[in-house]
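A, B, ... follow the sequence lines: proteins, then strands. Residue 1 opens every chain.
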There are 2 protein chains.
Amino acid sequence: MRQLCMPQGLAADEMPKLESLICTARAVRRGEAVYRIGDPFESLYAVRSGSLKTVMAHRGGREQVTGLRLAGEALGLDGISEDRHACSAIALEDSSVCIIPYGALKTMCREVSAMQERLHRLMSEQLIRESAQMMVLGSLSADERVAAFLLDISERNAQRGYSSAEFNLRMTREDMGSYLGMTLETVSRTLSRLQKRGLIDTQGKFIRIVDIEGLRQI
Amino acid sequence: MRQLCMPQGLAADEMPKLESLICTARAVRRGEAVYRIGDPFESLYAVRSGSLKTVMAHRGGREQVTGLRLAGEALGLDGISEDRHACSAIALEDSSVCIIPYGALKTMCREVSAMQERLHRLMSEQLIRESAQMMVLGSLSADERVAAFLLDISERNAQRGYSSAEFNLRMTREDMGSYLGMTLETVSRTLSRLQKRGLIDTQGKFIRIVDIEGLRQI
DNA sequence: CGTGAAATTGAGCATCTTCAAAGTCGGTGG
DNA sequence: CCACCGACTTTGAAGATGCTCAATTTCACG
């Protein structure tokens, strides 16, 4: 469990130092925020269990889901730039996050180069992830967006040792639509269409991928 | 000039160390790549003069412009994650970039905390920038996208001491469309419409913002 | 179980895309 | 220096995709 809070890539003799990152856990109930837009930035977070969405707002109040974080993924990097959070992180189900004080982490990154490396990679990975999502939003049709989304979740589940074929999407159709740049009705229609084509099987938020190759082909 | 390659936030006594970052320049002609998708990652870059676009590709070959870099901005952070570049960086005009060897930068970040801070902020800033672009793509109309784009360029120009009211966009309508998730024809029509409304004045790639408040209002 | 939120489905409509045809610009060679 | 050429831009008209509004139906939670 402790591994979740900045795992992999650390040599054995560096572990004691890792311990100094007093990495306390925090429970968040569904709908609750780990942090909100404008909150002062103090810590990064690692999702320990559950899942969260990140939400940004336009001037004018319109909100959009900009990200989805599953167990094992990092949260809060947006706060570093301006010392306050640029988005809100809302739990999609009762979840638990690991609190990683940024000050301590910085110190550790200066002492342990593997940790520095790991943090850099984490940020770079997220940059790529967001670029990929920009491509989804910028050049895919509704069908393609939904298929790409399901495949992304599937892959991330697989990486974390869960089933890549079936999962419970905790977000609403509206959240999905917001993340994918379409209306909740179009999301619903698209899922129905994919089901009729025999590519997936949906029961509300529970989704099973029947023909993963077919999904990729879209 | 040297400041461009990782400026601000360094105390005077840290300057000598900065010198150890042998930060050579490299000229790139219009259309040429600083790096391409899949190239091994070795350095970060700072745009010294000119401008570049970053481009990603779907499996299937479809390409999309995922970013635009003006003088003074950083380039190449996408390479850290996988030790190879996830996008290509193509010069929009004859440009010059500063090469910052990543290995040396990492070492320096361990020794000089202001440098570490600066790199972290840079990456976080770019994360926010990309999130903001996801919002543009996900929830704005064609008019709003173009307006948001022009205002973004305007603001970035202002920050670098150039005119916020008029500038030469070196990219084609097709590049703009790709970046904004619309066709080149829609970009063109939208610019014409904004001009008829008296908000901007366009002569091909040269654009003057006439009514910045009006643009913001869209 | 009941109840309010979430999801599904339909019909008409707006926006953006596609296809097509001129028109314009920039730069290159005569 | 000018004329030409290809690339880029503009504009139009028709069509497709996804949105809006609305009516049910289903589901999850208390």
Side-chain angles (χ1 to χ4, degrees), chain A residues 29-32 50-51 53 62-65 90-94 136-150 168-197 200-208 218, chain B residues 29-32 53 62-65 90-94 136-150 168-197 200-208 218:
Chain A
R29 303 207 141 274
R30 179 185 139 145
E32 232 185 286
S51 56
K53 63 177 173 181
R62 258 186 302 181
E63 285 196 345
Q64 185 177 328
V65 174
I90 315 282
L92 291 169
E93 58 192 303
D94 293 354
V136 167
L137 292 169
S139 54
L140 299 192
S141 69
D143 284 12
E144 292 171 321
R145 288 181 204 195
V146 171
F149 177 69
L150 296 179
N168 228 314
L169 267 190
R170 304 320 252 269
M171 43 186 5
T172 65
R173 299 291 188 255
E174 182 163 22
D175 283 336
M176 272 181 72
S178 174
Y179 182 57
L180 296 176
M182 49 207 254
T183 60
L184 66 95
E185 292 95 330
T186 302
V187 171
S188 178
R189 273 188 257 272
T190 301
L191 288 172
S192 301
R193 213 175 310 135
L194 295 183
Q195 177 154 24
K196 273 186 201 110
R197 287 216 248 160
I200 62 172
D201 192 18
T202 70
Q203 316 254 4
K205 294 190 164 60
F206 184 82
I207 293 181
R208 194 162 60 84
I218 286 183
Chain B
R29 303 207 140 275
R30 179 184 138 150
E32 231 185 287
K53 64 177 173 181
R62 259 185 302 182
E63 285 196 347
Q64 185 176 329
V65 175
I90 315 282
L92 291 168
E93 59 192 303
D94 293 353
V136 166
L137 293 169
S139 54
L140 299 191
S141 69
D143 284 14
E144 292 171 323
R145 288 181 203 194
V146 171
F149 178 69
L150 295 178
N168 228 315
L169 266 190
R170 302 324 252 270
M171 44 187 4
T172 65
R173 299 290 187 255
E174 182 164 21
D175 282 336
M176 274 181 71
S178 175
Y179 183 55
L180 296 176
M182 50 207 253
T183 60
L184 66 97
E185 293 95 330
T186 303
V187 171
S188 177
R189 273 186 258 270
T190 302
L191 288 172
S192 301
R193 212 175 310 135
L194 295 182
Q195 177 153 21
K196 273 186 201 110
R197 286 214 250 160
I200 63 174
D201 193 17
T202 70
Q203 317 252 7
K205 294 192 165 59
F206 184 81
I207 294 182
R208 195 161 59 82
I218 285 182

In this structure, how many angstroms lie between the [atom2] atom of [N] and the [atom1] atom of [X], rounded?
X	N	atom1	atom2	answer
B:Glu185	D:dG12	CD	P	14 Å
B:Asp94	C:dG27	CG	P	10 Å
B:Arg193	D:dT9	CZ	P	17 Å
B:Phe206	C:dT24	CZ	C1'	18 Å
A:Asn168	C:dA7	CG	P	12 Å
A:Leu184	C:dT9	CG	C1'	12 Å
B:Met171	D:dA7	CE	C1'	17 Å
A:Leu191	D:dG18	CG	C1'	15 Å

N/O (side chain, A:Thr183) to phosphate O (OP1/OP2, D:dC19) under 4.0 Å: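 Looking at the OP1 and OP2 atoms of D:dC19, one of them is under 4.0 Å from a side-chain N or O of A:Thr183.
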
Any A:Thr186 side-chain N or O less than 4.0 Å from OP1/OP2 of D:dC19: yes

B:Glu174, CD: over 12 other non-hydrogen atoms inside 6.0 angstrom: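 At most 12 heavy atoms, drawn from other residues, nucleotides or ligands, come within 6.0 Å of this atom.
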
Closest non-hydrogen atom pair between B:Asn168 and B:Phe206, with its separation: OD1-N, 3.9 Å

A:Leu92 backbone acceptor or donor facing A:Ser51 side chain under 3.5 Å: no

A:Arg173 (side chain) donor-acceptor with A:Leu184 (main chain) under 3.5 angstrom: no

Under-3.5 Å donor-acceptor pair between B:Arg145 side chain and C:dT15 base: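 Answer is no: no donor-acceptor pair is held.
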
Reported OG1-to-CZ distance for the pair B:Thr190 and B:Arg193, which is rounded to 0.5 angstrom: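 One finds 4.5 Å between OG1 of B:Thr190 and CZ of B:Arg193.
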
Pairing of A:Asp94 and A:Arg30 as salt bridge, 4.0 angstrom limit: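 Answer for the salt bridge query: no.
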
If you check the [X] side chain, which of [options] turns out closest?
X	options	result
B:Arg189	D:dT11, D:dT9, D:dT20	D:dT11
A:Ser141	D:dG18, C:dC16, D:dT9	D:dG18
B:Ser192	C:dA11, D:dT10, C:dT18	D:dT10

Close approaches to DNA chain C from residues 172-182 of chain A, in residue order (heavy atom, under 4.0 Å): A:Thr172, A:Arg173

Closest-nucleotide ordering on DNA chain D, the 5'-leading residue of A:Lys205 and B:Val187: B:Val187

Salt bridge (Lys or Arg N to Asp or Glu O under 4.0 Å), paired with B:Glu93, selected from B:Arg170, B:Lys205, B:Lys53: B:Arg170

